Number of protein chains: 2
Amino acid sequence: MEPEAGAGGARASRSTRQKRALASVMAESRRFRSAQEIHEALVGRGESIGLTTVYNQLRALAEAGLVDTLRAPDGEILYRKCESNSHHHHVRCRSCGRTVEVKGVAVERWAERVAARAGFVDVDHTVEVVGTCAQCAGRHFASA
Amino acid sequence: MEPEAGAGGARASRSTRQKRALASVMAESRRFRSAQEIHEALVGRGESIGLTTVYNQLRALAEAGLVDTLRAPDGEILYRKCESNSHHHHVRCRSCGRTVEVKGVAVERWAERVAARAGFVDVDHTVEVVGTCAQCAGRHFASA
DNA sequence: CGCTTATTGAAAATCATTGCCAACAGCTTA
DNA sequence: TAAGCTGTTGGCAATGATTTTCAATAAGCG
Ligand SMILES: [Mn+2]
Ligand SMILES: [Mn+2]
Ligand SMILES: [Zn+2]
Ligand SMILES: [Zn+2]
């Protein structure tokens with residue numbers, strides 16, 4: 001019989017110039033950026049790629065867990081390719097966006113505990129820490 | 001001299017039928033709801049109030065810290081009048097929205113610690129726990 | 001080289017939220 | 001109680017990120 005017989009055999013993903021360019025740009029930034037910013041970065045680098053494609057691919061990458069996402073205060077979705085593939089959290093600079101990944105054994109346990117205490121199951125959580133990074137804080141002092 | 005002399009004396013807020021109705025509806029729900037849902041609740045209760053007004057007031061209440069807000073996965077802003085006025089976090093049911101408030105001394109410290117370790121100052125954080133509440137979990141078993 | 005179909009991307013559609021602003025209505029003062 | 005000042009209301013248009021549409025394009029395979 002044929003490989004993947006039956007209904008809905010997952011079709012192979014194709015390698016395209018656009019996907020490669022996007023992956024490249026995502027790999028080089030340590031910041032969370034919006035789809036528009038990422039598209040600008042691509043164009044600025046001389047790549048030809050549609051904004052719609054950037055949106056589509058970023059969504060696909062996010063669903064596949066290959067990029068992390070978070071909501072900016074204004075609601076925009078920001079994307080980032082993290083170094084770690086396992087569960088982690090972020091400490092992000094509200095000024096420049098620089099982000100560092102951190103493990104959170106303490107919060108993992110805390111989340112489980114308070115949820116269980118409230119009678120909740122199938123628990124999940126969102127934890128984001130935001131502040132001003134050393135570099136941005138220093139810049140402030142310099143100009144003040 | 002006149003009261004509040006000089007520029008920009010904060011004018012008094014007025015008590016209106018709409019504000020009172022909104023406050024009433026917010027006080028009776030223990031769930032996070034969107035502006036649209038809250039508007040529907042008001043209309044369903046026989047109140048006459050515009051959707052724009054609901055949006056405006058909810059935003060004002062949120063800025064004043066009188067209601068809590070959070071982003072639904074799809075980006076919608078959800079509002080809720082919490083019992084506690086001090087800093088706290090939420091354990092929310094992804095199915096029915098029921099929410100319980102919890103203190104998080106452990107996470108407060110954790111957030112400060114990891115941020116400081118990364119050289120960040122003026123630290124802030126977002127922590128939301130989501131799961132399935134006992135009632136919704138039971139309902140599942142019953143129908144399965 | 002052809003064929004199948006995943007992918008692209010311009011343009012239109014969605015939709016929550018905000019801006020606009022003239023009509024309206026609390027409150028204060030005379 | 002009446003007039004005036006101004007905070008408030010809310011229909012409607014505008015905004016803007018994200019999604020949908022879908023015809024043209026181009027991977028990858030035999
Ligand atoms: Mn965690
Ligand atoms: Mn906290
Ligand atoms: Zn910074
Ligand atoms: Zn529930």
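For clarity, every value in this text was computed on a predicted model and none was experimentally measured. First the proteins, then the strands, lettered A, B, ... as listed; each starts at 1.
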Taking distance alone, no hydrogens or angles, what donor-acceptor pairs closer than 3.5 Å link side-chain atoms of residues 17-25 of chain A to residues at least two apart or in another chain?
from, atom 1, to, atom 2, distance (Å)
A:Arg17, NH1, A:Ser48, O, 2.7
A:Lys19, NZ, A:Ser13, OG, 3.0
A:Lys19, NZ, A:Arg14, O, 3.0
A:Arg20, NE, A:Ser15, OG, 3.1
A:Arg20, NE, A:Thr16, O, 3.4
A:Ser24, OG, A:Arg45, NH1, 3.0

Discussion item. Quick check on contacts: within residues 41-49 of chain A, what sits under 4.0 Å from DNA chain C by heavy-atom distance?
Written reply: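 Residues of residues 41-49 of chain A under 4.0 Å from DNA chain C: A:Ser48, A:Ile49.
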Worksheet item: Along nucleotides 17-30 of chain D, 5' to 3', which nucleotides get a B, which get an S, and which get a -, given that the test is a protein heavy-atom distance under 4.0 Å?
Response: SBBB-----BBS--
If you link ILVMFWY side chains whenever their heavy atoms are less than 4.5 Å apart, which other residues fall into the same cluster as [X]? By chain and number, please.
X        : result
B:Leu70  : B:Phe32, B:Leu78
A:Val105 : none
A:Val130 : none
A:Leu51  : A:Tyr55

Determine which pairs satisfy salt bridge (Lys or Arg N to Asp or Glu O under 4.0 Å) with at least one residue from [range], sequence neighbours left out, and list them in order.
range                       : value
residues 77-86 of chain A   : A:Arg30-A:Glu83, A:Arg80-A:Glu101
residues 54-70 of chain B   : none
residues 110-130 of chain A : A:Asp122-B:Arg94

Worksheet item: How would you list, by chain and number, every residue that makes a side chain to side chain contact (heavy atoms under 4.5 Å, CB included) with A:Asp74, sequence neighbours excluded?
Response: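 Residues passing side chain to side chain contact (heavy atoms under 4.5 Å, CB included) with A:Asp74: A:Ala72, A:Glu76.
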Item to complete: Return the value, rounded to whole Å, for the distance between atom CG of B:Leu58 and atom P of D:dG10.
Response: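 So the two atoms are 13 Å apart, to the nearest Å.
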Practice prompt. Please check the phosphate of C:dG9 (OP1 and OP2 only) for any side-chain N or O of A:Gln18 closer than 4.0 Å.
Written response: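 So the side-chain polar atoms of A:Gln18 do come within 4.0 Å of the phosphate oxygens OP1 or OP2 of C:dG9, strictly under.
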Fill in: Residue pair B:Ser86 / B:Lys103, side-chain donor-acceptor N/O under 3.5 Å
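Their side chains do contain a donor-acceptor pair, which is all the 3.5 Å distance test asks for.
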Practice prompt. Five pairs at each end of the helix from C:dC1-D:dG30 to C:dA30-D:dT1: take the axis at both ends and give me the angle between them to 10°.
Written response: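 Rounded to the nearest 10 degrees, the bend comes out at 30°.
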